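I have placed the structure first, in the form of structure tokens, so that the comments after it can refer back to it.
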Amino acid sequence: MPADQPTPIFRNQEELSRLAASDRIRYRLVGAKCRYHANDNIARFIADGEIEELQAEVEAKMQDVLRSLVIDTESDHNTQDTARRVAKMYLTEVFRGRYIPLPAITEFPNIEHLNELMIVGPITVRSACSHHLCPIMGKVWVGVMPNEHSNLIGLSKYVRLCDWVMSRPQIQEEAVTRLADLLQSRMQPDGLAVVMEADHFCMQWRGVKDTDSKMINSVMRGSFLKDANLRREFLSLLSRKNA
Ligand SMILES: [Zn+2]
């Protein structure tokens, strides 16, 4: 077994407390046979105070990265605090969707029995690609076709759920599917459509340096899949709003 893999033997609390926070959390994840890919949420395996420990750990390693990039962080005042800033940005801002629990969302019953197409968007998306950790900046539109048994959620809640899914390293196809799964499970609508359009900074900043290319992805479920007219109505309303 490679040295960086956690050993499957039982560790007691005292042994665990001597481990680095990331090893402790990984130990719990492996014990629960829980996946921890870049776009997985691992909040329930993190104990109080461990986010701060993770931040300190990432800061120390980021300092080593700067050292290996041969940047003189001692005399270069611009980079003196960079390792700390980057660690904080990763854990509490741009990747926080991995580390914080699902935001509390109240659904309310569809008392008015709304059964007309609802469109929410554009919702601003800030994410990162899991290949290069480069930003992905874009917009999401959600189409919902409720039925009388659907739960509805307030407009601002779409933004919070979207942000929770997006603030993780991932690829766009998986991000859109994750968001659709989450909305589907909360609302149980007859139809659900999610469209995401985004700039990928790994295309613009590096690689082919194509500054104009955008990637568009969509997920259609239920009545949006079966009913071509509904799908057309949704997409035409989007293109009108986009113009
Ligand atoms: Zn990339």
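Note that the coordinates shown come from a computational prediction; the quantities given were computed from them, not determined experimentally.
Side-chain atoms of R168 come within 3.5 Å of backbone N or O of W164 as a donor-acceptor pair. At distances below 3.5 Å, at least one donor-acceptor pair connects side-chain atoms of N41 with backbone N or O atoms of G97. Side-chain N or O atoms of R98 include one that pairs as donor or acceptor with a backbone N or O of H37 at under 3.5 Å. The backbone N or O of Q188 lies less than 3.5 Å from a partner atom in the side chain of S150, making a donor-acceptor pair. Looking at R28, its side chain does come within 3.5 Å of a backbone N or O of F45 through a donor-acceptor pair. Looking only at distances, a side-chain donor or acceptor of Q172 sits under 3.5 Å from a matching main-chain atom of M215. Side-chain N or O atoms of R24 include one that pairs as donor or acceptor with a backbone N or O of L19 at under 3.5 Å. A donor-acceptor pair under 3.5 Å links the side-chain atoms of E50 to the main chain of A47, judged by distance alone. Although no hydrogens or angles enter the test, the distance criterion places a donor-acceptor pair under 3.5 Å between the side chain of S236 and the main chain of E233. Within the 3.5 Å criterion, the main-chain N or O of Q63 finds no donor-acceptor partner in the side chain of R67.
Contact of the I171 side chain with the I136 side chain is not registered, since no non-hydrogen atoms from C-beta on lie closer than 4.5 Å. Using a 4.5 Å heavy-atom cutoff, the side chains of Y99 and L54 are in contact. Side-chain atoms of L183 and Y158, non-hydrogen and from C-beta on, do get closer than 4.5 Å to each other. V120 is listed as a side-chain neighbour of L155, based on a closest heavy-atom distance under 4.5 Å. Under the 4.5 Å side-chain criterion, counting only non-hydrogen atoms from C-beta, V30 is in contact with Y36.
Of all the heavy atoms in A43 and P101, the pair that sits closest is CB-N, 3.6 Å. Contact between M196 and A198 at its shortest, heavy atoms only, is CE-CB, 4.0 Å. Residues E107 and R186 share a closest heavy-atom pair of OE2-NE, 2.6 Å.
Electrostatic pairing of D23 and R26 counts as a salt bridge here, judged by a charged N lying under 4.0 Å from a carboxylate O.
Summarising the geometry, atom CD belonging to E53 is positioned 11.0 Å from atom CG belonging to D48; distances are rounded to the nearest 0.5 Å. Put simply, CG on L117 and CG on L237 are 6.5 Å apart, with the number rounded to the nearest 0.5 Å. Put simply, CD1 on I100 and CD1 on I42 are 12.5 Å apart, with the number rounded to the nearest 0.5 Å. For the atom pair L225 CG and L192 CG, the distance stands at 11.0 Å (nearest 0.5 Å). The distance from the CG atom of L66 to the CD1 atom of I71 is 5.0 Å, given to the nearest 0.5 Å. Within the model, atoms CG of L16 and OH of Y27 stand 5.5 Å from one another, a figure rounded to the nearest 0.5 Å.
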I would like to know whether Q80 and T73 meet side-chain hydrogen bond (donor to acceptor under 3.5 Å, both in side chains); could you show each step before the answer?
CA-CA 5 Å; Q80 259 162 23; T73 58; over 6 Å; no
For E148 and N110, run side-chain hydrogen bond (donor to acceptor under 3.5 Å, both in side chains): C-alpha distance rounded to whole Å, both residues' side-chain angles, the deciding distance at 0.1 Å, then the answer.
CA-CA 6 Å; E148 56 186 302; N110 185 2; over 6 Å; no
Please assess D181 against R178 for the test salt bridge (charged side-chain N to carboxylate O under 4.0 Å, His left out), listing each intermediate value before the final yes or no.
CA-CA 5 Å; D181 289 345; R178 281 286 176 96; 5.8 Å; no
Salt bridge (charged side-chain N to carboxylate O under 4.0 Å, His left out) for R84 and D81? Distances and angles first, verdict last.
CA-CA 6 Å; R84 187 192 60 78; D81 218 14; 2.9 Å; yes
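By the rule that hydrophobic residues join a cluster once side-chain heavy atoms approach within less than 4.5 Å of another member, V144 and I111 end up as members of separate clusters. Neither M137 nor I123 shares a network with the other; the hydrophobic side chains, linked directly or stepwise wherever heavy atoms of I, L, V, M, F, W or Y lie under 4.5 Å apart, form separate groups for each. There is no path of hydrophobic side-chain contacts, each under 4.5 Å, that joins W205 to L133. When the side chains of ILVMFWY residues are joined at heavy-atom separations under 4.5 Å, either directly or via intervening members, F201 and V86 end up in two distinct hydrophobic clusters.
Tested against C162 for a side-chain contact (heavy atoms from CB on, under 4.5 Å), the candidates L179, T124, L182, V142 yield a single pass: L179.
In summary, the side chains of E93 and S167 do not present any donor paired with an acceptor at a separation below 3.5 Å, with no hydrogens or angles considered. At a cut-off of 3.5 Å, with distance as the only test, a side-chain donor of Q170 or S127 sits close to an acceptor on the other residue.
In this view, D199 and K214 satisfy the salt bridge (Lys or Arg N to Asp or Glu O under 4.0 Å) rule, not counting sequence neighbours.
Using cut-offs of 30° and 60° on the angle between ring planes, the pair F224 and F234 is perpendicular.
The local environment of CZ in R44 is sparse, with at most 12 non-hydrogen atoms from other residues, nucleotides or ligands closer than 6.0 Å.
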